Amino acid sequence: MEAQYDPKKVEDKIYQLWSESGFFNPDNLPDLANGKKRTKPYCIIMPPPNANEALHLGHALMTTLEDILIRYRRLRGDITLWLPGADHAGFETQVVFEKKLEKEGKSRFQFDRETLYQMIWDYVQQNKDVAQNQLKRLGASCDWSRNKFTLDPDIIKIVYQTFEKLYNEGLVYRGLRIINWCPKHQTGLSDLEVKYEDREDKLWYIKYPLVGDKDKFIEVATTRPETMLGDTAVAVNPEDARYKKLVGQKVLLPLVNREIPILVDDAVELEFGTGAVKVTPAHDATDFEIGQRHKLETIVVIGQDDKMTTVAGTPYAGLKIVEARQKIVQDLEAQGFLIKEEPYRHSVGVCYKCGRVIEPMVSEQWFVRIKPLAERAVEAIKKGEVKFVSEKYEKIFQHWMANIRDWNISRQIVWGIKIPVWYKTSVGSKMEAVHFNEKILCAKLGLKNEAEFDQFSNGFGFDDRNIQWASGRKGEILLYVGYIDLLKSKGYFDEYWVEQNRTDKNLSESEFRIGEKPPEPIGWYQKPDTFDTWFSSGQWPFATLQTTKAGDFERFYPTAVMETGWDILFFWVARMIMMGFYATGQEPFRQIYMHGLIRDKDKKKMSKSKGNVVNPLAVVDENGADALRMALVFNAASDSDLPFGEDKVVAQKRFANKIWNAARFSLLSLEDFNEKAKTKFTAADEAILKELEETAQKITKDLDSFNFHEAAQSAYHFFWHSFCDKCIEDVKERIKEPVSAEDKATAQYVLWKVLGDSLKLLHPFMPFITEEIYQSLPEKKRPALMVEEWPC
RNA sequence: GGACGGUUAGCUCAGCGGCAGAGCAUUGCGCUUACAUCGCAAGGGUCGCAGGUUCAAAUCCUGCACCGUCCACCA
């Protein structure tokens, strides 16, 4: 052995040894040393890393903690399965990919759906392998034969089954509801995907004159005057004495001259602004709810492209939001409706990815009726069927669950699992065809009029039998879907465009069916929408186990523990609990351990833009995987923030070297070792053996209660300051210059025993170096340390 | 507007009712045949502030201050 430990010469070799042993696979685990069979299944489903990027330190921490648990339980004699996977990470990945396109001067909207999907697919495929190899470098003892990807066909099938079950039981519905729309990414987002930022803004006070009495008016305050074009009411608090007389009367909406009612609603606060609120159901979540309660009309004045719609009327139609706001304020002022404006600080919802202001918008989406699912999850936590290791998360969880709102699970992005819903293409028409506005369609194709369009179509072999001038729908064109496909393939437009510009939406969508395939070969159309990634990820624990190997689900579900970062408590953990109970009737895991978020040494969040991201693999190259793992776990006590500094890794690199040299000395001293030759222990022997036992018990207790850092520190201190500083110094003399053969043999036994057990205790934390040493240990009992037996 | 967490050695953090701890950094002495990526030793803290409970409090309770985080339909 060399005087210095070189991880590079050891780690790959050892990982290969493990791989070839087959011991990562629970079906190949050997019986225990005394012939006892393993009986207790222990399973962890790995939170699948996003397939769009290389691993970061958070992954390294996750891998370390989970590998510690798995290796520990394997040594304890359990049938251990750590199931790895990769996540397509829908929106996240598409955002990353769009940025990549932007750098290349391209836009997602240049590509049709199939092409874009394929491009992302190829991109992700490369990264999946990178991430896998990185997990191996970290020593992850997961069963690669059961590796799953969230877009595996069998996983998708299960996601569809769950969706259908939810639909059939009335827990998923299609609704025209107010959603969070990101104008940049052109998709709806769930409430969780909206972040709030404080902004310096203005509050405008506007007069709404009473109908029948132009001199009287009610005063409203708003931060978004442009939405007034879509106002359909003014609301006041039912207790508000100021407005009691006005309730039930009507006001004339300025600029628009629409008569709208004054009504009462509890959502209005007495103290705020003037106490009277303009109600715009189409563009504000609260207003939408008020609108629902009072059956108000929803008037859409802002489009998905962030511009005022034609409904907004001249001169505002077509203006960007900010432009419209300016103009409306000017017009109000000119016509004497503006009372005042004052600076105002409030928080504004923005897209958590791009920071663009979220536009609340009425849109038709799929929602999960979440309350019934949440109730079961709340109960499970209360009854302890699922336990948070750290109680503080229990409160946070329950609070969130108590206030949960229906979950929008449809997204207007391509990268994901298509929502398995088929809409009838054209109700009342025998043909499968879609309506378009004649002018818009011609403009899109670069044509002037219908005559040109006719000619254009004939060029493709389509005649009047296939292209029907809309019968009874003036100014519209009905296009045969085969022809649409042809035009799409020629690049004239893409599916988004079709979706956004077809004029028969409401008509054609009045009939739909759930299913992977259309109910009939023709006459059905699938929207390009996909599921929120978390809708499928929420099913991950059972979807994986139901599709790996026969019997896996029965054997390993519910799984033992879910270990993940606290930042995805709501996104993922909560959804897994809800959907796990819903789909299987059982909890997906019994315990939840949340690790902290790794910050840089100055406690700053690591991000690419700050340039403070630490690449775990570079750290491994420099110091070895064991050192990184030990450094991470040594300091993993906090469950919120974990500052990471290279000095911590260096300290553990030194520890690895210490282990190496202690072993080097021990192995040299054990060349003529005979386990059975020991006789009488000295007092020092008994002391160290007792301390070994106590340390083993403490580590066991700490690992059982997820006190990883305590366990790691105990192992560290015992090895360094008891075994190295005392035990080795003690036996050194007795072996080198023995007083008797018996005492030498006893000293050797103590050395062998303490070293051997220390290796076992350290193995979950530092698997490579301990395994490497174990392979040279005399009188070893097992083919590998990873399938040894825990010393207590 | 709610809820939660933190405040301990120069730095990063453990400890959470019973003599103040670790790693890094600092200082001194040691290249003794496992290890200089080391060993031995040393310095350094009225454990945020103010009360209270207790034989005993960094540790429990109350209030305050300062940081930080999460949630929320602030027009």
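The figures here come from the full heavy-atom set of this structure, side chains too, leaving out hydrogens, waters and symmetry mates. From a predicted model like this one, the values you see are computed outputs, not experimental measurements. Each chain gets a letter, A, B and so on, in the order the sequences are listed, and its residues count up from 1.
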Worksheet item: For A/V268, which contact category applies under a 4.0 Å heavy-atom criterion: base, sugar-phosphate, or nothing?
Response: base
Discussion item. Categorize A/N657 for me: base, sugar-phosphate, or nothing, with a 4.0 angstrom heavy-atom threshold over every strand shown.
Written reply: base
[N] phosphate, OP1 or OP2: any side-chain N/O from [X] under 4.0 angstrom?
X: A/K732; N: B/A34; answer: yes
X: A/R654; N: B/C24; answer: yes
X: A/H399; N: B/G2; answer: no
X: A/K658; N: B/G39; answer: yes

Of the nucleotides [options], which one has an atom closest to the side chain of [X]?
X: A/V277; options: B/C24, B/A75, B/C40; value: B/A75
X: A/E710; options: B/G15, B/C71, B/A34; value: B/G15
X: A/W566; options: B/A75, B/U69, B/C71; value: B/U69
X: A/K648; options: B/C74, B/U12, B/C35; value: B/U12
X: A/K653; options: B/U37, B/A14, B/A34; value: B/U37

Fill in: Along RNA chain B (nearest heavy atom to each residue), the more 5'-positioned of A/Q713 and A/W400
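So the residue in question is A/Q713.
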Worksheet item: Nearest nucleotide by nearest heavy atom, which residue falls closer to the 5' end of RNA chain B, A/K395 or A/F570?
Response: A/K395
Worksheet item: So among A/F706, A/W566, A/Y393, which one has a ring-ring contact (aromatic ring centres under 6.0 Å, His included) with A/Y593?
Response: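 Filter result, single survivor: A/F706.
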Practice prompt. Answer yes or no: side-chain N or O of A/K392 and base N or O of B/C4 forming a donor-acceptor pair under 3.5 Å.
Written response: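 Check fails, no donor-acceptor contact within cut-off.
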Worksheet item: Donor-acceptor pair under 3.5 Å: do we get one between A/E729's side chain and the base of B/A34?
Response: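 Yes.
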Any strand is fair game: report the nucleotide pairing with [N] by Watson-Crick or G-U wobble, both distances under 3.5 Å, or none.
N: B/A3; value: B/U69
N: B/G23; value: B/C11
N: B/C64; value: B/G48
N: B/C55; value: B/G18

Practice prompt. Using atom CD1 of A/I396 as one end and atom C1' of B/G2 as the other, report the distance to the nearest whole Å.
Written response: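 Rounding to the nearest Å, CD1 of A/I396 and C1' of B/G2 are 13 Å apart.
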Practice prompt. Take the protein atom CD of A/Q652 and the nucleotide atom P of B/C35, then report the distance between them rounded to whole Å.
Written response: 21 Å
